[in-house]
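What follows is one structure encoded as structure tokens, with my remarks underneath.
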2 protein chains.
Amino acid sequence: MSTELRELLGDLVQANGRLVRVAARHLAGTRAAAESPAVWRTLGVLASRGPMRVSELAAHSRVAAPTMTKLVATLLERGHVRRTSDPSDARASTISITDDGRAAYDEWRGAVAAALAPYFTDLAPADLDALRRTVRLLQDRIELGESETRTEHQDADLEVSTK
Amino acid sequence: MSTELRELLGDLVQANGRLVRVAARHLAGTRAAAESPAVWRTLGVLASRGPMRVSELAAHSRVAAPTMTKLVATLLERGHVRRTSDPSDARASTISITDDGRAAYDEWRGAVAAALAPYFTDLAPADLDALRRTVRLLQDRIELGESETRTEHQDADLEVSTK
DNA sequence: CAAGATACTTAGGCATGCTAAGTATGTCAA
DNA sequence: TTGACATACTTAGCATGCCTAAGTATCTTG
């Protein structure tokens, strides 16, 4: 493991922290700020990976299960997600994003982009390339693999048409 | 403003959120987790920019002044920073990082790097380049300029379609 | 020297996260 | 069949992190 990579990762996390704070402060007062980061992270998972159970959602979103329970409750209140009981397991339920949730998520992304864009004007093509490549890299590496969703013993989760 | 840049910024913030969560969960239980992100962000500012007042620290760290007051109180308790009264202004005081604080900060960075490193093995040289370039880019763009310690930033047009 | 500006702190409130400890429900083996 | 254990999720309770509003000192100035 190169020393440089370690340095970079430390710097990356530090820079990320600031970036998030910058966005948060710019968003203050806008509708996008009404909900909070955890909410958007959760909606993002649902938007990109489709409906899933609370436990899976927690794993993908990298929070503890009880935390996700609360987030889901909030999202339900706002009408951003829908909960469907699972016919095959009365303990569980499937959470899916609603059109409203998707719209709110898109709006948030737009607001964040608008807030940060002024800081990234005049990007050299090479910088833009690097940014693009890094974003994809992060997405690839941090994404939760299919196998590690949980104790994976779900037999072929074939589209049960719950929606 | 290219549409692609906006997309990228949205994705970047989203990816960052997950990255931070991944690191947080890996760090759970370690000494590095004893303190929290805001604390490290603050120490990072002090480590890289030197001693400064509470208000400047708040501006650099992108939080409201009262928030920084609390953070400083925490850091003082832990012995990570030192507070010196300003002879020229009895209202203000200067905060500086202690050796202890610097050591703790370095340790945290090491812990974060160690936690995330496994996700970034086998990086293609081009990916490493992109990562390096992006980290520097973020640092440059988000860094608070000497002039703008105070709150005055171009608010751009925004227009977030808040309807 | 009184009025207003500043630097910071105190108060109060909400959101995120966690662990521990439930409550149902499901599974399996005797 | 049934009792023990595993699971899926929820409830409770606690510790930050952050914010706005409202102080409290302490400058600065007309």
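Below, chains carry the letters A, B, ... as their sequence lines are ordered, and counting in each starts from 1.
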Send over the distance from [X] [atom1] to [N] [atom2], rounded to a whole Å.
X: B/W40; N: D/dT16; atom1: CH2; atom2: P; answer: 13 Å
X: A/L57; N: D/dA8; atom1: CG; atom2: P; answer: 14 Å
X: B/R62; N: D/dC19; atom1: CZ; atom2: C1'; answer: 17 Å
X: B/L71; N: D/dA15; atom1: CG; atom2: P; answer: 17 Å
X: A/D86; N: C/dA24; atom1: CG; atom2: C1'; answer: 14 Å
X: A/K70; N: D/dT11; atom1: NZ; atom2: P; answer: 11 Å
X: B/L76; N: C/dC8; atom1: CG; atom2: P; answer: 13 Å
X: B/M68; N: D/dT20; atom1: CE; atom2: C1'; answer: 17 Å

Next on the checklist: Grouping I, L, V, M, F, W and Y whenever their side-chain heavy atoms are under 4.5 Å apart, do B/V112 and B/V20 come out in a common cluster?
Outcome noted: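 Hydrophobic grouping puts B/V112 apart from B/V20.
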
Picking from [options], which would you name as closest to the side chain of [X]?
X: A/A92; options: D/dA12, C/dA11, D/dA8; answer: D/dA8
X: A/D89; options: D/dA8, C/dC8, D/dC18; answer: D/dA8
X: B/T69; options: C/dC8, D/dA6, D/dT10; answer: C/dC8
X: B/V63; options: C/dC8, D/dC18, D/dA21; answer: D/dC18
X: B/T67; options: D/dC18, C/dA7, C/dG17; answer: D/dC18
X: A/R91; options: D/dC19, C/dA24, D/dT11; answer: C/dA24

Can a side chain N or O of [X] be found less than 4.0 Å away from OP1 or OP2 on [N]?
X: A/S55; N: D/dA8; result: no
X: A/R25; N: D/dC19; result: yes
X: A/R83; N: D/dC9; result: no
X: A/R41; N: C/dG17; result: yes

Checklist entry - Is A/R132 salt-bridged to B/E4, going by a charged N under 4.0 Å from an acidic O? => result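 Yes, A/R132 and B/E4 are salt-bridged.
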
Item to check | Electrostatic pair A/D11-B/R136, nearest N-O below 4.0 angstrom | outcome: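 Answer for the salt bridge query: yes.
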
Next on the checklist: Heavy-atom nearest nucleotide on DNA chain C for B/S93 versus B/R21: which residue maps closer to 5'?
Outcome noted: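 Comparing both residues, the 5'-ward one is B/S93.
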
Checklist entry - Between B/A65 and B/S88, who's closer to the 5' end of DNA chain D by nearest nucleotide? => result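 Closest to the 5' end, via its nearest nucleotide, is B/A65.
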
Item to check | 4.5 Å side-chain heavy-atom contact, B/R21 and A/V63 | outcome: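 Counting from C-beta outward, B/R21 and A/V63 do come under 4.5 Å.
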
Item to check | Parallel, tilted or perpendicular: rings of B/Y119 and B/H26 (30°, 60°) | outcome: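 It falls in the perpendicular class, over 60°.
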
